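Notes for the one structure printed next.
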There are 2 protein chains.
Amino acid sequence: MRDDRFCASNCPFTRAIGTIGNKWKPIIINVIGTRTIRFGQLDSIVPHISRKVLAEQLKELEEDGLLERLAYKELPPRVEYKLSEKGLAFLPILENIKEWNCKYEVALTSKATDRVTYAK
Amino acid sequence: MRDDRFCASNCPFTRAIGTIGNKWKPIIINVIGTRTIRFGQLDSIVPHISRKVLAEQLKELEEDGLLERLAYKELPPRVEYKLSEKGLAFLPILENIKEWNCKYEVALTSKATDRVTYAK
DNA sequence: ATTTGTAGTTACCTGGCAGTAACTAGAATA
DNA sequence: TATTCTAGTTACTGCCAGGTAACTACAAAT
């Protein structure tokens, strides 16, 4: 899930991609945003994710310092998640991705199967 | 590789993650940058990638309009890749990720296995 | 005549990601 | 007494992403 070869790279950018470069983490970070949220809420808000994968992703995000986890000694259990300073600092980047996509996204008209070969 | 459920989402951010949210595409886009580059060069510069996966990723990036592909009618074949306007517009975002990582990356001291439970 | 060089594609195979279901604790509620 | 509620974890399983090796086309060099 986290790519160890990427995380062990001597390139800081590659390492960054090694930690946040998968499909779930940006989604989760975006969903959490600036609020405090419980596990069950995340599970119902994030579409198509299983509890197992959600738990794995949250654990990794916590290990990588993007997320803070508060567990209360209660029964039934209650656990709250919120972004750390590092996680919050990542939000504007996600915002930029949103804007970038809205600006440039277009319906896929031509597939790359139509690949053209240019004259020599 | 590309996540179809994500790409079919009605959330533009989710769709964006569906297209560029995997580990290879940001790396490839970053490696290409502002230059024009050939397939073989990419294959030797991008670490740990196989030609098969590289070809797949490039095709998807082209389909999604991030990449332009110029094939010359020569033998042996010559193909050049360069970022489109959309692809170039994504570079600053990668730059931000780099800076973000450099600012906040820390050695992993405590694992999440040390998870603390706070008093009720 | 054989080798080399390029940009892929194809067939084949395997490891690991991810889905599902079952299970936990213990208090509160019906 | 039995059910419910939460936040996971574990075991089992299936499928596909991704790796490897072989192959193509043809010209130019050896």
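Proteins come first, then strands; the chains are lettered A, B, ... in the order of their sequence lines, and each starts at number 1. Because the structure is predicted, anything quoted here is derived from the model rather than measured.
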Criterion salt bridge (Lys or Arg N to Asp or Glu O under 4.0 Å) on B/Arg2 and B/Glu63, from CA distance to verdict: CA-CA 11 Å; B/Arg2 219 200 272 108; B/Glu63 286 175 0; 2.6 Å; yes
Inter-axis angle, terminal five-pair segments of the helix from C/dA1-D/dT30 to C/dA30-D/dT1 [nearest 10°]: 20°
Given [options], identify the nucleotide with an atom nearest to the side chain of [X].
{"X": "B/Pro76", "options": "D/dT6, C/dT9, C/dT6", "value": "C/dT6"}
{"X": "B/Val53", "options": "D/dG19, C/dG8, C/dG19", "value": "D/dG19"}
{"X": "A/Lys52", "options": "D/dC5, D/dA7, C/dT20", "value": "C/dT20"}

What is the separation between atom [atom1] on [X] and atom [atom2] on [N], rounded to the nearest whole Å?
{"X": "B/Asp4", "N": "D/dC16", "atom1": "CG", "atom2": "P", "value": "12 Å"}
{"X": "A/Lys73", "N": "D/dG8", "atom1": "NZ", "atom2": "P", "value": "16 Å"}
{"X": "B/Tyr81", "N": "C/dT6", "atom1": "OH", "atom2": "P", "value": "15 Å"}
{"X": "A/Leu54", "N": "D/dT6", "atom1": "CG", "atom2": "P", "value": "15 Å"}
{"X": "B/Arg78", "N": "D/dA27", "atom1": "CZ", "atom2": "P", "value": "17 Å"}

Of A/Arg5 and A/Val79, the one whose closest nucleotide on DNA chain D sits nearer the 5' end is A/Val79
Under 3.5 Å, side-chain donor or acceptor atoms of residues 11-21 of chain B against the rest of the protein: list the pairs with distances, not counting sequence neighbours.
{"residue": "B/Arg15", "atom": "NE", "partner": "A/Glu105", "partner atom": "OE1", "Å": "3.3"}
{"residue": "B/Arg15", "atom": "NE", "partner": "A/Glu105", "partner atom": "OE2", "Å": "2.7"}
{"residue": "B/Arg15", "atom": "NH1", "partner": "B/Ser9", "partner atom": "O", "Å": "3.0"}
{"residue": "B/Arg15", "atom": "NH2", "partner": "A/Glu105", "partner atom": "OE1", "Å": "2.9"}
{"residue": "B/Thr19", "atom": "OG1", "partner": "B/Ala16", "partner atom": "O", "Å": "2.9"}

Please name the pair of heavy atoms, one in A/Ile28 and one in A/Leu54, separated by the smallest distance, quoted to 0.1 Å.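 Closest pair (atom of A/Ile28, atom of A/Leu54, distance): CD1-CD1, 3.9 Å.
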Provide the closest heavy-atom pair for A/Lys23 versus A/Pro26 in the form atom of the first, atom of the second, distance.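 Looking at all heavy atoms of both residues, the closest pair is O-CD, 3.8 Å.
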Give me the residues of residues 22-51 of chain B where at least one heavy atom lies under 4.0 Å from an atom of DNA chain C, by number, or none. B/Arg38, B/Phe39, B/Gly40, B/Arg51
Validation: residues 83-90 of chain A side-chain donor-acceptor distances under 3.5 Å, sequence neighbours left out:
{"residue": "A/Ser84", "atom": "OG", "partner": "A/Gly65", "partner atom": "O", "Å": "2.6"}
{"residue": "A/Ser84", "atom": "OG", "partner": "A/Leu66", "partner atom": "O", "Å": "3.2"}
{"residue": "A/Ser84", "atom": "OG", "partner": "A/Lys86", "partner atom": "N", "Å": "3.3"}
{"residue": "A/Ser84", "atom": "OG", "partner": "A/Gly87", "partner atom": "N", "Å": "3.2"}
{"residue": "A/Lys86", "atom": "NZ", "partner": "A/Asp64", "partner atom": "O", "Å": "3.0"}

On the 0 to 90° scale, with breaks at 30° and 60°, tag the B/Phe39-B/Tyr81 ring pair as parallel, tilted or perpendicular.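 The rings of B/Phe39 and B/Tyr81 sit tilted, inter-plane angle from 30° to 60°.
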We want to know whether B/Tyr72 and B/Glu80 form a side-chain donor-acceptor pair, criterion being a heavy-atom distance below 3.5 angstrom.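 There is such a pair between these side chains.
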Can you sort out the partners of B/Lys98 under side chain to side chain donor-acceptor pair (under 3.5 Å), two or more places apart, ordered by chain and number? B/Asn30, B/Glu95
Per the side-chain hydrogen bond (donor to acceptor under 3.5 Å, both in side chains) rule, what does the pair list look like for residues 38-50 of chain A, sequence neighbours excluded? A/Asp43-A/Arg51
